[in-house]
Amino acid sequence: MVDGYIRGDIMTKKNKEKEVKKTNKVYLIIKILFVLLSVISSGMLGITVMIGNILPNKYLIIMIAVLLVVNIIFGLLMLAKNKIVNVIGMILIILFGSVMIFGFTYANKTFDNLRELVAPNEEKTNYYILSLNEEEYTDIKQLEGKSVGILDQESESLMEKLDSETKLEYKKYHSIGDLIVGLELKEVDAIVVSSTVYNLIIEENENFEKNVKKLGEVEVVGKQEKIESDINVNDSFIVYLSGLDSRDTSSVATGGLSDVNILVVVNPTTHKLLLVNIPRDYYVDVYGRPGMKDKLTHAGLYGTNTSMKTVANIFDININTYVKVNFKALTNVVDAIDGIDVYSDTAFNSYHKKGWYVRKGINHMDGEKALAYARERYAYSSGDRHRGKNQQDVIAAIVKKVSQNKQYLLKYNDILGSIQPYFTTNLELEDVQELVKNQIDTLKPWVVESISVDGSNSQNYTASWPKQMTYVMIPNQATIDNAKAKINQVMRGA
């Protein structure tokens with residue numbers, strides 16, 4: 001009987017030892033899993049940041065070193081014999097892992113936004129089908145087999161879209177003015193114009209809107225123009241900034257009036273940035289459109305490359321890199337950086353934001369106010385000339401705030417997301433990454449200088465309106481030569 005009890009005690013003791021070993025094994029596995037959680041989560045963030053390539057090497061090394069030290073500490077906490085120490089380590093690992101996973105998700109989203117920003121975008125353009133009020137047509141389908149006028153620069157995509165609605169016969173016109181005359185003389189039964197051209201026609205011809213009716217509207221989706229950028233962001237470079245006068249802010253249209261035309265001359269070595277404003281009504285030879293001169297703003301109707309090369313020819317320089325934005329991009333980016341401070345040399349009541357009084361001196365502006373200020377011309381005797389200065393001041397304020405504050409450089413996910421899809425560029429992903437990395441590395445403020453070329457007020461015929469006198473600005477060669485000298489000076493770092 002005693003031997004039986006002894007054998008039973010031995011078996012119980014062995015079973016307990018097995019249970020303890022089993023418990024210890026499970027506990028060890030749990031500790032290993034916690035260590036793996038720390039290593040994997042920090043590794044995911046580290047790899048993502050390295051692939052994103054926006055952190056300077058010195059910060060990247062510090063980040064990797066910190067992650068290694070933290071993981072070593074967590075490993076030691078898990079190796080400790082004291083379970084209380086183990087539990088503290090587990091709690092810290094859970095908190096650390098949560099932060100790492102959040103950082104990984106945020107960084108990954110940021111880099112996705114950056115890739116989307118520089119990737120070729122689809123560009124949408126709205127077109128109106130118009131006929132004279134006196135015609136009996138009420139719908140585009142009633143135009144089947146009829147003659148319809150379009151501008152000769154319109155893409156095949158427009159005609160394909162219209163033909164999907166009904167079959168039409170097309171007559172192409174070289175200018176907006178000739179297109180309107182063709183409709184008025186009934187050379188065609190209707191015309192098709194983009195919303196941008198429609199707004200331009202109304203500005204030039206007050207009676208047009210009263211004399212026509214809309215039979216329909218179509219949206220054409222086109223691909224961004226393929227223009228190879230050839231800049232090296234570690235050397236001096238020039239970017240053409242085109243701001244489209246687009247009331248349709250859902251996207252950046254393929255073609256539109258280039259109401260903002262600014263050369264951005266960048267010297268990353270001296271941290272100097274020169275903004276050269278060219279008035280929208282500059283009377284120039286439009287690239288690729290021989291014959292009569294036209295307003296610079298009208299060059300945008302033929303695409304970004306036409307505007308960019310037209311501007312390049314004014315200054316006898318080579319430009320292959322552009323940024324194109326519409327109204328919504330400006331308002332969103334200003335809001336994303338919590339507003340900007342701009343000095344106004346004039347006090348006035350804003351024309352574009354009713355009820356806003358702009359003080360002489362520093363004014364804090366949100367996105368809506370910044371846009372209204374950039375568009376203001378009626379408050380000034382110099383009109384469009386002063387508007388160009390306002391636009392440069394707004395850009396300079398944005399550059400100053402973003403470049404001098406790591407808060408905005410490191411949260412540029414919000415900034416990038418705010419301007420999609422209101423922004424297109426042919427900058428390469430690597431170029432943008434390098435620019436951000438260099439700025440984070442130095443956090444050196446940019447010296448921004450703004451100049452404008454000028455001219456004399458005049459009336460003349462244009463390629464877009466060959467039979468109608470309209471306001472133009474005749475270029476002043478002396479101001480162009482001065483701008484050329486400034487561009488050369490900044491590029492050389494003098």
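Heads up: numbering here begins at 1 and tracks the sequence.
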Task: Within 6.0 Å of NZ in K210, more than 12 heavy atoms from elsewhere - done: no

- [ ] Evaluate the side-chain proximity of E160 to D163: yes if any heavy-atom separation is below 4.5 Å, no if none is.
- [x] no

TODO: Kindly check if the number of other-residue, nucleotide or ligand heavy atoms within 6.0 Å of NZ (K401) is above 12?
DONE: yes

Open item on the list: Quick one: does any side-chain atom of E204 pair with a main-chain N or O of Q468 as donor and acceptor, under 3.5 Å?
Closed with: no

Open item on the list: Within this structure, what is the CD1-CG distance for the pair I395 and N390, rounded to the nearest 0.5 Å?
Closed with: 11.0 Å

Open item on the list: Main chain of S195, side chain of N126: is a donor-acceptor contact present, judged purely on distance under 3.5 Å?
Closed with: no

Task: Any donor-acceptor pair under 3.5 Å from N363 side chain to R359 backbone - done: yes

Open item on the list: Tell me whether N320 contacts the main-chain N or O of E228 through its side chain, where contact means a donor paired with an acceptor under 3.5 Å.
Closed with: no

Task: Salt-bridge contact K186-E134 (side-chain N to carboxylate O under 4.0 Å) - done: yes

Open item on the list: Below 30° counts as parallel, above 60° as perpendicular, anything between as tilted: where do the rings of H386 and Y380 land?
Closed with: parallel

Open item on the list: Working note: N53 + K437, criterion side-chain hydrogen bond (donor to acceptor under 3.5 Å, both in side chains); need CA distance, chi angles, decisive distance, verdict.
Closed with: CA-CA 7 Å; N53 193 30; K437 183 161 62 174; 2.8 Å; yes

Open item on the list: Is the shortest side-chain heavy-atom distance between I314 and Y282 below 4.5 Å?
Closed with: yes

- [ ] Look only at the side chain of K167 and the backbone of L162, and say whether a donor-acceptor pair between them is shorter than 3.5 Å.
- [x] no

Task: Pairwise side-chain contact, K272 with M491, heavy-atom cut-off 4.5 Å (strictly under) - done: no

TODO: Evaluate the side-chain proximity of V264 to L275: yes if any heavy-atom separation is below 4.5 Å, no if none is.
DONE: yes

Open item on the list: Check whether E206 reaches the backbone of F208 with its side chain - one donor and one acceptor, N or O, closer than 3.5 Å.
Closed with: no

Open item on the list: Would you say D259 and T297 are linked by a side-chain donor-acceptor pair, where the criterion is simply a distance under 3.5 Å?
Closed with: yes

Task: Sub-4.5 Å side-chain heavy-atom contact between N318 and D230 - done: yes

TODO: Working to the nearest 0.5 Å, report the span between CG of D481 and CG of D316.
DONE: 9.0 Å

Task: Y373 and F348 aromatic ring geometry - parallel, tilted or perpendicular at 30°/60° bounds - done: parallel

TODO: For residues K486 and V490, determine if any side-chain heavy atom of one lies less than 4.5 Å from a side-chain heavy atom of the other.
DONE: no

Task: Distance-only polar pair, side chains of N313 and Y287, donor-acceptor under 3.5 Å - done: no

Open item on the list: Tell me if the OH atom of Y471 is crowded by more than 12 foreign heavy atoms within 6.0 Å.
Closed with: yes

